[in-house]
Amino acid sequence: MITVAQVIVDVAAYPVDRPFDYLVPAEMTQIIEIGSRVKVPFGPRNVLGFVVAIANETDVPVEKIKPVTQLLDIEPVLTHEMLELAKWLKNETICYEIDALQVMLPSALRAKYEKIVNLQTEVERLPESLQELFKTTQHVNVNVFEKNNMLNELKQALKNKHVTIENIVKQKGKVKEVRKVQIIENVQKLTEIHQQISNRAKKQKQLVEWMQSHSGEIMDPEVIYKETNSSPQVLNTLIELGAASFVKQEIYRDPFAKEVQKTDFLNLTEEQSVALNQITRAIDQKQPETFLLHGVTGSGKTEVYLQTIAKVLSDGKEAIVLVPEISLTPQMTERFRSRFGELVAVMHSGLSVGEKYDEWRKIHQGKVKVVVGARSAVFAPFENVGIIILDEEHESTYKQEDSPRYHARDVAIRRGKHHQCPVILGSATPSLESFARAKKNVYTLLNLKERALKQSMPKVEIVDMREELKKGNRSMFSLNLVESIQQRLDRKEQIVLFLNRRGYSSFVLCRDCGTVLQCENCDISLTYHRKNEKCKCHYCGYEIHVPKTCPQCQSDHIRFFGTGTQKVEEELAKFFPGARVLRMDVDTTRTKGSHEQLLQAFGDGKADILLGTQMIAKGLDYPNITLVGVLSADTSLHLPDFRAAEKTFQLLTQVSGRAGRHEKPGEVVVQTYTPEHYAIQLSQAQDYEPFYEREMYMRHQAGYPPYYYLALIQVSHEDVLMAADYAGKAAEWLRSQLSYNVSIIGPTAAGISRLQNRYRYQCLLKYKVEPDLIPTLLQLIKIYRSDWIKKGINLSIDLDPNMI
DNA sequence: GAATTCATCCTT
DNA sequence: AGGATGAATTCA
């Protein structure tokens, strides 16, 4: 009988997006399992693959089938649930199955491919130019040849059979090991050794005596030295005598910087208890119910999560908690660690590859029961999930922007169904989609209308910046804000200032000819960064030195427009000379741990004003913050996106929520040029429902979600005409295939019409029901794929896109 | 006629 | 995707 493994290979392309059959060598048949990774030959190279099925027969002719080269896992890395989920993702989001599989694993488990040139002859027979490279070794990486510009020589050597090329598959991640000492168990033997040792070797005698009372134990050598006042020399002699041996032990890298204190349950308010009871009921009844926990800022959603998790853990199940990347601050993770201690794993982009791998292994090996993490933590390999929680449910970071373009919310609900467990979506400002579903009783709505400590909501004041201008105030701070800031400074209270833009200025303009500095590769104006006198593109990383004269007209009247965090920082120094300002944006938090350090410093009162972008809007919870200033509420409002109003409302509500969370009452000052806009008006009262009603009306009028579903088809090419032309062709074909229930808009140039030197055109599909949509889109790819690849056209499909 | 570029085909 | 194979094109 034969054993055949069906393998999804690590090659992202449509023609190979299906399982391939491989023979399982006899010695592997007992250990190979579904969900294991394998190394397999594929065409002329070796690749990594995932075993998705095992069979005893195959349709592949004997002369074609090849054996599995190597089994990489003794324990499978993916469960059956995950393999199912991958197929579901492939259908749901239109992606390659391999992408869906890879996204579920830490990058450490993905393959690293290397091409190695192996020497096949004596060095002396090589042409002189190559001899140098092979002087000390038989194997040289191909990229060494590339670096030295010797690809032609390599080709020649290959032809002469002097060398061969081998494709090797390496693992990225390494299990970190430490060397420990294992003392033998046999006390008798230790006594014998003790007798062998000469009486002059006092230290050795001492150490053996000590070992007798610790027989069988595995210990850190350092501990042994300390305990017995001995040294490596002494220990080594004893190891030679057979009293102990060195063993390697797997350890986890510890991403937690410091110890946390254990905390206990907080008392719940009436509303919190009601919510908790409802969720507990669903857990007990194994109902895969979705709850929308709508609680105002400071209403204690986290405490509800914590107590739900406690319940789940006591049932012997596991919990997954998702938080937006940005709010995955130590403050948030500490709350979970302080409640559940060592049972918590943390997963976010701030961890190194190795750390992520270790956290993943803790989950995989069942060492932890709770995972707190960003989007991808929704794939935590638990096998008995009791609850899945998405905090700040409305956040756009839950949608992955590249393939597989999944939404963590959908995956969570899908996994909830599999595990027969509820899902909690929590937010002070739910997405319209979720709230609408709650209204239709698809989700169960749970309300927390009061703050947990009964604090009043902060007072929000809206300042019309046009009036300020009329009064002759041309600075970026309104008189009102200046006064409020000064007041807090005097009272030694803290201030948070929020600005939606990093860098110094938003664009650089020549006053004579009106030229705006543009990125060479993208259709984006460059942002001026004062620190190194450079203009940067925030999309592709292109940067140039600030020109002294205009590149168009050589005039030297160059001016910087718009306001970035750096500029505000300078202005603050002018207005409030004594104030200590902390600036927090992508530029100041680039290095590992700097995010934490900055917040820590602010929390410790080492600064008066925290000035930041997006990243400070969430999770910030310090008692001394009594004033929040929003410098310009308009920035997000005027984005060409149908969710602009929703985003603005959410942002203002979230930012406002940072103030007055404890005893001292909070105040919020919002500066804007459009105070009459409903998103700004309604955020003043911080009342969600009126905004919901109003925005739903707008969406209905314009035909956007939640009334319609969207699909975005994007076509890019180096040449504008090609991009536009083929986007048109795609739209035309879709129009001919899809029913009248789908309206197809476009093609139009994308919001950023050129990115990384490629022009982008897109068309938007709007529909309510269209069961054949996905099959039709797949058909589109199938028909045009080869033609497009030839012409360099790139097409991407985003179902349920975040931005359009 | 060899060298180089291009197109097409295939991967178990 | 990435590599091999074979045809088309270039060049001396």
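Just so we're clear, the structure is a prediction, and the values are computed from it rather than from any experiment.
- The aromatic rings of H407(A) and Y398(A) are tilted relative to each other, their planes meeting at an angle between 30° and 60°.
- Ring centroid separation for the pair Y406(A) and F379(A) comes in under the 6.0 Å cut-off.
- With a 6.0 Å cutoff to the six-membered ring centre and a 45° limit on the axis angle, K766(A) counts as a cation-pi contact of Y704(A).
- Across all strands shown, K66(A) has heavy atoms under 4.0 Å from sugar-phosphate atoms exclusively, and none from any base.
- Taking atom CD1 of I65(A) as the reference point, atom P of dT11(B) lies 13 Å away to the nearest angstrom.
- Judged by the 6.0 Å and 45° rule, R18(A) forms a cation-pi pair with F20(A).
- In summary, E92(A) and R414(A) do not engage in a salt bridge, as defined by a charged side-chain N under 4.0 Å from a carboxylate O.
- Non-hydrogen atoms lying under 4.0 Å from DNA chain B are contributed by V16(A), R18(A), F20(A), D21(A), Y22(A), all within residues 16-35 of chain A.
- For DNA chain C, the span of nucleotides reached by chain A at under 4.0 Å from its heavy atoms goes, 5' to 3', from dA1(C) to dG3(C).
- Of the charged side-chain nitrogens involved, at least one lies within less than 4.0 Å of a carboxylate oxygen, so that D17(A) and K90(A) count as a salt-bridged pair.
- dC9(B) and dG3(C) make up a base pair, with Watson-Crick or G-U wobble contacts both under 3.5 Å.
- Geometric assessment of K791(A) against the ring of Y726(A) yields a negative cation-pi assignment under the 6.0 Å and 45° thresholds.
- If you check every strand for non-hydrogen atoms under 4.0 Å, P61(A) touches nothing.
- The residues R415(A) and E81(A) are annotated as salt-bridged, a charged nitrogen and a carboxylate oxygen being separated by less than 4.0 angstrom.
- Atom P of nucleotide dC6(B) and atom CD1 of I789(A) are separated by 18 Å, given to the nearest angstrom.
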